[in-house]
Undergrad: 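Right, I'll just put the structure down here and ask away after.
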2 protein chains.
Amino acid sequence: MKYIDKLRNSGLRPTKQRLQICKVLFDTKKTFHFTINDLAKKIKKQINDNISLATIYNTIHAFEKKGYLKQIPINSNETYFDTNISDHHHFYDLKEERLIDLENSDVGPINIKKKINGKKIKSVEVLVKLED
Amino acid sequence: MKYIDKLRNSGLRPTKQRLQICKVLFDTKKTFHFTINDLAKKIKKQINDNISLATIYNTIHAFEKKGYLKQIPINSNETYFDTNISDHHHFYDLKEERLIDLENSDVGPINIKKKINGKKIKSVEVLVKLED
DNA sequence: CACTTATTTAGAATCATTATAAAGTATTCC
DNA sequence: GGAATACTTTATAATGATTCTAAATAAGTG
Ligand SMILES: [Mn+2]
Ligand SMILES: [Mn+2]
Ligand SMILES: [Zn+2]
Ligand SMILES: [Zn+2]
């Protein structure tokens, strides 16, 4: 069982709820962007069972900490997550309020010339805002 | 009167509160990053007068709409604003939870190769997360 | 199976932000 | 200047995403 091992390997007990959430998040051809609210709806529609909102929050945060999800830096009243954990960037369509992946190869190499003493770069993320 | 004209020119009446907020935001050598909460404290300390929180929110949003402030895309429970409205980027020190400006010249030119039909690029912002 | 530890859950609490609507102020026009 | 009008401020309430709490349940261990 793919997800059972995945969870065990990161010290998370493979509970029914976590496995159901894994299925919704990772059993797809395409990766996707979501808010907790989006996800809660998707879960309700896809599995015929209830998972409490607190568990969804807990699980998403646990997955993010383990690196199974990424948080997308964007200004919104809701937090956006991404099942695409590759090093990549985003378009944000301001009118449609929609995120679109920009693969690393779609953006030339980014050269950060400034250095901060004693700190190292953990990630470099580009947000490209789009208008009509 | 610098700020009176500035406000009038953008169709905002130069009220006492707006002028006081202008002073706190723009009467400084250096630009700075702030949350509404930061700013409310700063206002209380610098002017000997009370401005309601609702007015601070209204004013900051009006200024942002007019282009006198920028919102910084970052995941935080509070919204960050910037009095530096030049085209620039940010370091975000994860440990100290602090934003640091990265001037455009500190980052090589960014080449967005992908195009989205019917949309044009409004802004390109880079967020560089720093760890120890 | 007992025992320990982690997880789930409903509901309450928190807190940034936005909405409301009444009182106050700036602007316009005579 | 002095209405009349439109905009602004304000206290306070409402909203809504997220986090907290503490009791019930489930998983891991031997
Ligand atoms: Mn957020
Ligand atoms: Mn926000
Ligand atoms: Zn993405
Ligand atoms: Zn800045």
Side-chain angles (χ1 to χ4, degrees), chain A residues 1 3-25 33-44 47-66 68-69 71-81 97, chain B residues 1 3-25 33-44 47-66 68-69 71-81 97:
Chain A
M1 313 296 277
Y3 299 127
I4 292 180
D5 293 343
K6 180 170 180 160
L7 292 170
R8 279 237 177 75
N9 289 337
S10 38
L12 299 170
R13 290 184 180 174
T15 63
K16 187 181 67 165
Q17 291 85 348
R18 282 173 180 163
L19 291 168
Q20 289 175 323
I21 294 173
C22 277
K23 246 183 141 181
V24 174
L25 291 176
H33 305 123
F34 65 92
T35 65
I36 296 285
N37 204 42
D38 293 339
L39 183 65
K41 280 190 212 143
K42 202 166 192 170
I43 288 170
K44 198 158 286 177
I47 69 180
N48 207 32
D49 201 348
N50 197 65
I51 299 180
S52 82
L53 195 56
T55 297
I56 297 176
Y57 272 98
N58 289 340
T59 302
I60 293 309
H61 287 140
F63 286 4
E64 199 239 337
K65 191 168 288 180
K66 296 298 178 187
Y68 302 155
L69 291 172
Q71 232 188 299
I72 303 172
I74 195 180
N75 279 113
S76 166
N77 60 325
E78 288 174 276
T79 303
Y80 273 83
F81 293 91
E97 296 186 342
Chain B
M1 313 296 277
Y3 298 129
I4 292 182
D5 293 342
K6 181 172 181 160
L7 291 170
R8 279 235 179 76
N9 289 338
S10 40
L12 298 171
R13 291 184 180 176
T15 62
K16 187 181 66 164
Q17 291 85 347
R18 284 174 179 162
L19 290 169
Q20 288 175 324
I21 293 174
C22 276
K23 246 184 142 181
V24 173
L25 290 176
H33 306 123
F34 64 92
T35 65
I36 296 285
N37 204 42
D38 293 340
L39 183 64
K41 279 189 211 144
K42 202 165 190 168
I43 288 169
K44 197 158 288 177
I47 69 179
N48 208 32
D49 201 346
N50 197 65
I51 299 180
S52 83
L53 195 55
T55 296
I56 297 175
Y57 271 99
N58 289 340
T59 302
I60 292 310
H61 288 140
F63 285 5
E64 199 240 336
K65 190 169 288 179
K66 297 298 179 186
Y68 301 155
L69 290 172
Q71 231 187 300
I72 303 172
I74 194 180
N75 280 113
S76 165
N77 58 327
E78 289 175 274
T79 302
Y80 273 83
F81 294 90
E97 296 186 341

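A, B, ... follow the sequence lines: proteins, then strands. Residue 1 opens every chain.
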Undergrad: Could you check whether any side-chain N or O of A:R18 sits under 3.5 Å from a backbone N or O of A:R13, counting only pairs where one atom can act as donor and the other as acceptor?
TA: yes

Undergrad: Output the distance between atom CG (B:L39) and atom CD1 (B:I60), rounded to the nearest 0.5 Å.
TA: 5.0 Å

Undergrad: Classify the angle between the aromatic ring planes of B:F63 and B:Y68 as parallel (below 30°), tilted (30 to 60°) or perpendicular (above 60°).
TA: perpendicular

Undergrad: Taking everything shown except A:K23 itself, do over 12 heavy atoms lie less than 6.0 Å from its NZ?
TA: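 Not buried by this count: 12 neighbours or fewer within 6.0 Å.
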
Undergrad: Nearest 0.5 angstrom please: A:T79 OG1 to A:H61 NE2, how far?
TA: 6.5 Å

Undergrad: Below 4.0 angstrom from OP1 or OP2 of D:dT18, is there any side-chain N or O of A:T79?
TA: yes

Undergrad: Contact between A:I51 and A:Q20 at the side-chain level, heavy atoms closer than 4.5 Å - yes or no?
TA: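 With C-beta onward as the side chain, the pair touches.
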
Undergrad: Supply the atom-to-atom distance A:I21 CD1 to A:K42 NZ, rounded to the nearest 0.5 angstrom.
TA: 13.0 Å

Undergrad: Whole angstroms only, please: what is the CG-P distance between A:L12 and D:dA27?
TA: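 Distance, rounded to whole Å: 14 Å.
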
Undergrad: Without decimals, in angstroms, what is the distance between B:L19 CG and D:dT8 C1'?
TA: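 Going from B:L19 (CG) to D:dT8 (C1'), I get 13 Å.
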
Undergrad: Atom CD of A:Q20 and atom P of C:dT7: how far apart are they, to the nearest Å?
TA: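 Distance check: A:Q20 CD to C:dT7 P gives 16 Å.
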
Undergrad: Need one value for A:T55: base, sugar-phosphate or nothing, where a base atom within 4.0 Å counts as base even if backbone is also close, heavy atoms only.
TA: base

Undergrad: Could you give the CZ-to-P distance, from A:F34 to D:dT18, as a whole number of Å?
TA: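 So the two atoms are 11 Å apart, to the nearest Å.
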
Undergrad: B:Y57 side chain N/O closer than 4.0 Å to the phosphate oxygens (OP1, OP2) of C:dT17?
TA: yes

Undergrad: Find the bend of the helix from C:dC1-D:dG30 to C:dC30-D:dG1 as the angle between its two terminal axes (five pairs each), to the nearest 10°.
TA: 40°

Undergrad: Quick check for you: among D:dT18, C:dA16, D:dT9, whose closest atom lies nearest to any side-chain atom of B:T15?
TA: D:dT9

Undergrad: Give the rounded distance in Å between these two atoms: CG of A:N77 and P of D:dA14.
TA: 20 Å

Undergrad: If you check every side-chain atom of B:R8, which of C:dA16, D:dT10, C:dT27 has the closest atom?
TA: C:dT27

Undergrad: What's the CG-C1' distance between A:L53 and D:dT21, to the nearest Å?
TA: 15 Å

Undergrad: Just the rounded figure in Å: distance from C1' of C:dA10 to CD1 of A:I51.
TA: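 One finds 15 Å between C1' of C:dA10 and CD1 of A:I51, rounded.
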
Undergrad: Heavy-atom nearest nucleotide on DNA chain C for B:K16 versus B:A54: which residue maps closer to 5'?
TA: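 The residue mapped nearer the 5' terminus is B:A54.
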
Undergrad: Can you say whether a donor on the side chain of B:R13 sits under 3.5 Å from an acceptor on the base of C:dT27, or the other way round?
TA: no

Undergrad: Under 4.0 Å, heavy atoms only, any strand: does B:N58 hit a base, just the sugar-phosphate, or nothing?
TA: base

Undergrad: Side chain of A:R18: nearest nucleotide among C:dT9, D:dA17, C:dT7?
TA: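 The nucleotide sitting nearest to the side chain is C:dT7.
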
Undergrad: Establish, with yes or no, whether the OP1 or OP2 oxygen of C:dT18 is under 4.0 angstrom from a side-chain nitrogen or oxygen of B:H61.
TA: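 Yes.
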
Undergrad: State whether A:Q17 places a side-chain N or O below 4.0 Å from either non-bridging phosphate oxygen (OP1 or OP2) of C:dT9.
TA: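 Yes, within the criterion.
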
Undergrad: Does any donor atom in the side chain of A:T55 or A:N58 lie under 3.5 Å from an acceptor atom in the other side chain?
TA: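 There is no such pair between these side chains.
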
Undergrad: Could you tell me how far apart A:I47 (CD1) and C:dT8 (C1') are, to the nearest whole angstrom?
TA: 13 Å

